[in-house]
Amino acid sequence: MKHVVVIGGGISGLTAAYRLHRAGVRVTLLEASGHLGGVIRTVTQGECLLETGPDCWASNKPAAMELANELGLSERIIGTREGVRRSFILHKGTLKRLPEGFFLISPMSIKALLKTPILSWCGKLRMGLELFKGVRRDDSDESLASFVRRRFGREALERIAQPMIAGIYTADPEKLSLKATFPAFIEMERSAGSVIKALRKRARKQGKQSEVAKAAGPRYGLFVTFKGGMSTLPDALTATLPAEAIRLNTEVRGLKRDGETWSVELQGETIGADAVVLAVQSRVSAKLLHGADGVLAAALGEIEYAGAAVVNFIFDRSQIAHAMDGIGAVIPGVEKRRIVAFSFSSVKFEGRAPEEKAVVRVFMGGALQPEIAKLPPEGQVELALAELRDLIGLTGEPKFALAESHLGAMAQYHVGHLDRVERIRELAKKHTDLAVIGNGFDGVGIPDCVRNANEGVAKLLERQAVS
């Protein structure tokens, strides 16, 4: 390949451009906005550091960590603060500690189940009956909500599963594919006859019963970021590319086949390419491919997206009554609030604010409240402030507020997602000079996007070498 055009300058597109450049290929990276990094953006305000997109990634998925090490960033990586690796959940208007001894949606022991304050006794009894529920042998996909109700009951879904999953996928659990998001729970049900039994067996086998018993929801020790903020990663990737390879504020209007190559149509200009990497939302890829391959475009268009908004606040620490002795909180939908979650950013990671200041980050919108992501920034700030006043005893006005919406950025892995992705990849095989990557396929997190980009470029180079 003489020339590859990468469309989209988020973490997927930057990783793809980096891999292609390292392979000796001439690359042109086209980004419609004036910013590289996609939803990742770190803002410095005085002595405070704010994240308008993701603020960390999970280190148990190796691709992002390996990329950071490759770029010489390993010494800049930090984890969550020890001593505050706990979180809260809103229960009937009051913030309660997330239940200890739970692995996302399931308790690891009956003791952990009995101790949790966020379930009624009827809810605890129903959850405990999971030990004796029958096993579903049907191999068809089901929603997360269906699985949790079937095995643990309605209260477990509303009070534990829905808010925990909303913080990861911003999704409606009634539509979220279990196969595509949490296949391990399917295997636990089938292999042990019970998720609780399988988790207890795993803990005994690993010899970490005491460690697991102390876990509260997600294993916060796995979450890492950079001392200087998440923009460190896209900035480092950008620095590896020739300046002439990057074109910002350049919207692609369409793609056409031109014999054995591609024509990339811009406003008033056409670029020729030996191969193309589409690193944008699947619905955008569908629009661009409509004229070149309508069938593939239609398949890509079946993947839906949701929007979200992030509001960052800077306060004086004295303005907040809450002890801030944890990372943050998730908010169940049944609480009828206008936010999905919030985090004490200045507590979660070191170096985010001076000791006398507090940075609070509020997450809003998602599939269940899509209208909030479409509000103007001042409306989002107003809503978030109203919730924080009630939830953490906030007084006075913020010293600084910054709201940013990410419309249509969160891929929704609805029931049947794996079949849709398989069909897309089968249809795309006839284009040996095309790679379609991004968060719409195999995972929404940063490590997933990096891995997907790595694999997409490797296959593209392999196919081109063969042809």
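Heavy-atom basis, side chains included; hydrogens, waters and symmetry copies ignored.
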Could you give the side-chain donor-acceptor pairs of residues 352-360 under 3.5 Å, partners two or more places apart or in another chain?
| from | atom 1 | to | atom 2 | distance (Å) |
| --- | --- | --- | --- | --- |
| R352 | NH1 | F226 | O | 3.4 |
| R352 | NH1 | K227 | O | 3.0 |
| R352 | NH1 | E350 | O | 3.2 |
| R352 | NH2 | F226 | O | 2.8 |
| K357 | NZ | D316 | OD1 | 2.7 |

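- Residues that satisfy the side chain to side chain donor-acceptor pair (under 3.5 Å) test with R247, not counting sequence neighbours, are E269.
- Using cut-offs of 30° and 60° on the angle between ring planes, the pair F342 and F344 is perpendicular.
- Partners of V415 under the side chain to side chain contact (heavy atoms under 4.5 Å, CB included) rule, at least two apart in sequence or in another chain, are D141, S143.
- Contact check for F147 versus V195: side-chain heavy atoms found under the 4.5 Å cut-off.
- Under the rule for a side chain to side chain donor-acceptor pair (under 3.5 Å), the partners of S282 that lie at least two apart in sequence or sit in another chain are Y305.
- The pair R257-D293 does not count as a salt bridge, with every side-chain nitrogen at least 4.0 angstrom from each carboxylate oxygen.
- In R76, the CZ atom is not crowded: 12 or fewer heavy atoms of neighbouring residues, nucleotides or ligands sit closer than 6.0 Å.
- Pairing each heavy atom of I196 with each of P107, the nearest pair is CG1-O, 3.7 Å.
- Classification of K179 and D139 as a salt-bridged pair holds, one side-chain N sitting under 4.0 Å from a carboxylate O.
- In this structure a side-chain-to-backbone donor-acceptor pair under 3.5 Å is present from Q412 to M410.
- H417 places no side-chain N or O within donor-acceptor distance of the main-chain N or O of L178, the cut-off being under 3.5 Å.
- Partners of H431 according to the ring pair (Phe, Tyr, Trp, His ring centres under 6.0 Å) rule, which considers only residues two or more places apart in sequence or in another chain, are W262.
- Among all heavy-atom pairs drawn from A373 and L407, the shortest one is O-CD2, 3.2 Å.
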Next on the checklist: If you apply the rule side chain to side chain contact (heavy atoms under 4.5 Å, CB included), what do you find for N69 with E66, and how did you get there?
Outcome noted: CA-CA 5 Å; N69 292 339; E66 291 170 355; 5.5 Å; no
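- A salt bridge (charged side-chain N to carboxylate O under 4.0 Å, His left out) check over residues 28-46, counting only residues at least two apart or in different chains, returns the pairs R41-E404.
- Legend: residues meeting side chain to side chain donor-acceptor pair (under 3.5 Å) with Y169, ordered by chain and number and at least two apart, are absent.
- Under 4.0 Å is where a charged nitrogen must lie from a carboxylate oxygen, and between R190 and E187 no such pair does.
- Applying the side chain to side chain donor-acceptor pair (under 3.5 Å) test to S194 and every residue at least two apart in sequence or in another chain returns E130.
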Under 3.5 Å, which donor-acceptor pairs do the side chains of residues 441-453 form with other protein atoms, sequence neighbours left out?
| from | atom 1 | to | atom 2 | distance (Å) |
| --- | --- | --- | --- | --- |
| D442 | OD1 | R425 | NH1 | 3.2 |
| D442 | OD2 | R425 | NH1 | 3.3 |
| D442 | OD2 | R425 | NH2 | 2.5 |
| D442 | OD2 | N452 | ND2 | 3.2 |
| D448 | OD1 | K61 | NZ | 3.0 |
| D448 | OD2 | K61 | NZ | 3.2 |
| D448 | OD2 | G445 | N | 3.0 |
| R451 | NH2 | D442 | O | 3.2 |
| N452 | OD1 | G438 | N | 3.1 |

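- A 4.5 Å side-chain heavy-atom check between E265 and V252 finds every atom pair outside the cut-off.
- Here R22 pairs with E70 in a salt bridge; the nearest charged N to carboxylate O distance falls below 4.0 Å.
- Expressed to the nearest 0.5 Å, how far CD of Q319 lies from CG of L394 amounts to 6.0 Å.
- With hydrogens and angles ignored, the 3.5 Å screen pairs a side-chain donor or acceptor of R463 with a backbone N or O of L434.
- With hydrogens and angles disregarded, a donor-acceptor distance shorter than 3.5 Å links the side chain of T250 to the backbone of L248.
- Put simply, CG on L20 and CG on L461 are 5.5 Å apart, with the number rounded to the nearest 0.5 Å.
- Atom CZ of F102 sits about 6.5 Å away from atom CD1 of I118, to the nearest 0.5 Å.
- Rounding to the nearest 0.5 Å gives a distance of 11.0 Å between CG of L427 and CG of L289.
- Closest approach of F88 to G326, counting heavy atoms only: CE1-CA, 3.8 Å.
- Considering only heavy atoms from C-beta on, L255 comes within 4.5 Å of L278 through its side chain.
- F349 contributes atom CZ, which lies 5.0 Å from atom OG1 of T225 (distance to the nearest 0.5 angstrom).
- By the side chain to side chain contact (heavy atoms under 4.5 Å, CB included) test, S263 pairs with K256, D258, T270, sequence neighbours left out.
- A pairwise comparison of heavy atoms in S285 and L300 identifies CB-CD1, 4.0 Å as the closest pair.
- Rounding to the nearest 0.5 Å places CD1 of I327 at 10.5 Å from CZ of R81.
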Considering only distance and modelled atom types, tabulate donor-acceptor pairs under 3.5 Å from the side chains of residues 232-243, sequence neighbours left out.
| from | atom 1 | to | atom 2 | distance (Å) |
| --- | --- | --- | --- | --- |
| T232 | OG1 | G229 | O | 2.8 |
| T238 | OG1 | P234 | O | 2.7 |
| T240 | OG1 | L237 | O | 2.6 |

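- Distance alone, capped at 3.5 Å, is enough to place a donor-acceptor pair between the S231 side chain and the T42 backbone.
- Between I303 and Y413 there is no side-chain heavy-atom pair separated by less than 4.5 Å.
- Formation of a donor-acceptor pair under 3.5 Å by the E51 side chain with backbone atoms of S345 is not found in this model.
- A donor-acceptor pair under 3.5 Å is formed between the side chain of Q380 and the backbone N or O of I372.
- R317 contributes a side-chain N or O that, together with a main-chain N or O of I320, makes up a donor-acceptor pair within less than 3.5 Å.
- Among all heavy-atom pairs drawn from V381 and A403, the shortest one is CG2-CB, 4.0 Å.
- Side-chain contact between L30 and V264: present, with at least one pair of heavy atoms (C-beta onward) separated by less than 4.5 Å.
- No side-chain heavy atom of V362 sits less than 4.5 Å from a side-chain heavy atom of E387.
- At a threshold of 4.5 Å between non-hydrogen side-chain atoms, the residues D325 and R86 count as touching.
- Among all heavy-atom pairs drawn from L29 and G8, the shortest one is CD1-O, 3.3 Å.
- Distance alone, capped at 3.5 Å, is enough to place a donor-acceptor pair between the R420 side chain and the H414 backbone.
- Checked options T261, D274, T28; the residue passing with H3 is T28 (criterion: side-chain hydrogen bond (donor to acceptor under 3.5 Å, both in side chains)).
- For Q162, the side chain to side chain contact (heavy atoms under 4.5 Å, CB included) test picks out A166, P173, P332, L368, with sequence neighbours left out.
- Counting only heavy atoms from C-beta outward, the side chains of W57 and M230 approach each other to under 4.5 Å.
- The environment of K197 atom NZ is dense: over 12 non-hydrogen atoms of other residues, nucleotides or ligands sit within 6.0 angstrom.
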